[in-house]
Amino acid sequence: MSTGYDTVLVAHGPVSTTIERFFDRWSARWPQLRIATDSEGSGEFLPWAPGAMTWSESTDHVLVARDEEMLAHWDEFGYALDGREEGPFALMYRPAEWRTLSAVALEDPYVRTGSSYEPYEITFVGSQLWMVTVVTPDEEVFRRCVVDTLTECF
């Protein structure tokens, strides 16, 4: 089974509300959307229905597939695109266990134009921050679509 591509987001909670909003939006693209919330991977995939999801304190991992056909493809090929150029993905999230986080800003956080930019260190500070990992097939167009849609929901 192939492994997926991880994209990590640092976001302000509550994450469960954002994920519900994301699934409501994503279900327009995938009307037969299936999700499993068992973090051990043995949970049953159920159809997505807005408001029907019960988020417990232990829910921290959601597996996502378009339909039964994609579930079968996932079992055989892992995080890979199918014939429709789409693939399964997972969302994993937990509260950030740090109070500050240093990073290197590869792009100008001030979005200035007309001058050259040299990456520099920045520090994230805040409370109620979450680490959200999106695992997708390693294909940029589909990955960007999933991550951009989730990002918009935050």
Side-chain angles (χ1 to χ4, degrees), residues 1-56 58-96 98 101 103-113 117 119 122 124 126 128-154:
M1 180 180 291
S2 63
T3 58
Y5 184 93
D6 292 7
T7 302
V8 179
L9 306 172
V10 176
H12 188 266
V15 172
S16 60
T17 303
T18 299
I19 290 176
E20 284 211 22
R21 187 169 34 249
F22 170 78
F23 287 148
D24 286 346
R25 215 179 213 191
W26 200 257
S27 66
R29 177 181 178 135
W30 289 359
Q32 296 178 28
L33 179 66
R34 301 283 189 266
I35 64 168
T37 60
D38 184 89
S39 60
E40 300 302 315
S42 61
E44 180 183 359
F45 278 84
L46 300 172
W48 169 252
M53 180 81 184
T54 302
W55 301 95
S56 71
S58 63
T59 301
D60 64 355
H61 189 117
V62 184
L63 305 174
V64 184
R66 182 187 59 236
D67 50 26
E68 295 295 328
E69 181 183 321
M70 184 176 281
L71 285 173
H73 188 268
W74 197 353
D75 285 341
E76 188 171 346
F77 300 104
Y79 288 96
L81 297 182
D82 62 11
R84 296 185 199 178
E85 298 296 311
E86 298 178 319
F89 58 93
L91 304 173
M92 294 169 278
Y93 51 96
R94 65 179 189 186
W98 38 262
L101 177 68
V104 174
L106 299 177
E107 298 176 19
D108 186 354
Y110 294 103
V111 194
R112 296 174 286 216
T113 58
Y117 176 75
I122 61 174
F124 292 95
Q128 298 178 339
L129 296 176
W130 289 76
M131 301 292 294
V132 180
T133 303
V134 183
V135 184
T136 60
D138 187 12
E139 194 282 323
E140 187 171 358
V141 173
F142 181 73
R143 176 174 20 107
R144 285 280 21 120
C145 185
V146 173
V147 172
D148 290 350
T149 303
L150 179 60
T151 300
E152 289 170 9
C153 290
F154 276 106

**Message:** Once ring pair (Phe, Tyr, Trp, His ring centres under 6.0 Å) is applied, do any residues pair with Y117, and if so which ones, sequence neighbours excluded?
**Reply:**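 Expected list: Y120.
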Does the side chain of [Y] come within less than 4.5 Å of [X]'s, by heavy atoms?
X: F23; Y: V64; result: yes
X: T149; Y: F22; result: yes
X: L9; Y: V147; result: yes

**Message:** Using modelled atom types and a 3.5 Å cut-off, is there a donor and acceptor pairing between side-chain atoms of R143 and backbone atoms of T136?
**Reply:** no
**Item:** Ring centres under 6.0 angstrom apart (W130, F154)
**Value:** no
Of the non-hydrogen atoms in [X] and [Y], which two are nearest, and what is the gap between them?
X: A103; Y: F124; value: CB-CE1, 3.9 Å
X: W48; Y: E20; value: CZ2-O, 3.8 Å
X: V135; Y: G4; value: CG1-CA, 3.8 Å
X: L63; Y: A90; value: CD2-CB, 3.7 Å
X: A80; Y: H73; value: O-CE1, 3.5 Å
X: G87; Y: L81; value: N-CD2, 3.8 Å

Which distance, rounded to the nearest 0.5 Å, do you find between the [atom1] of [X] and the [atom2] of [Y]?
X: H12; Y: Q128; atom1: NE2; atom2: CD; answer: 4.5 Å
X: L71; Y: Q32; atom1: CG; atom2: CD; answer: 11.0 Å
X: W26; Y: L150; atom1: CH2; atom2: CG; answer: 10.0 Å
X: F89; Y: T7; atom1: CZ; atom2: OG1; answer: 12.0 Å
X: R66; Y: S27; atom1: CZ; atom2: OG; answer: 14.5 Å
X: D60; Y: L91; atom1: CG; atom2: CG; answer: 11.5 Å

**Message:** Just checking R29: does its CZ atom have more than 12 heavy atoms from other residues, nucleotides or ligands closer to it than 6.0 angstrom?
**Reply:**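 Result for CZ/R29: enclosed.
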**Lys NZ or Arg CZ of R34 over F45 ring: under 6.0 Å, within 45°** =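 Checked: cation-pi criterion not met.
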**Asked** With respect to Y79, which candidate in Y5, F142, W74 satisfies the ring-ring contact (aromatic ring centres under 6.0 Å, His included) definition?
**Response**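 With Y79 as partner, Y5, F142, W74 yield a single ring-ring contact (aromatic ring centres under 6.0 Å, His included), made by W74.
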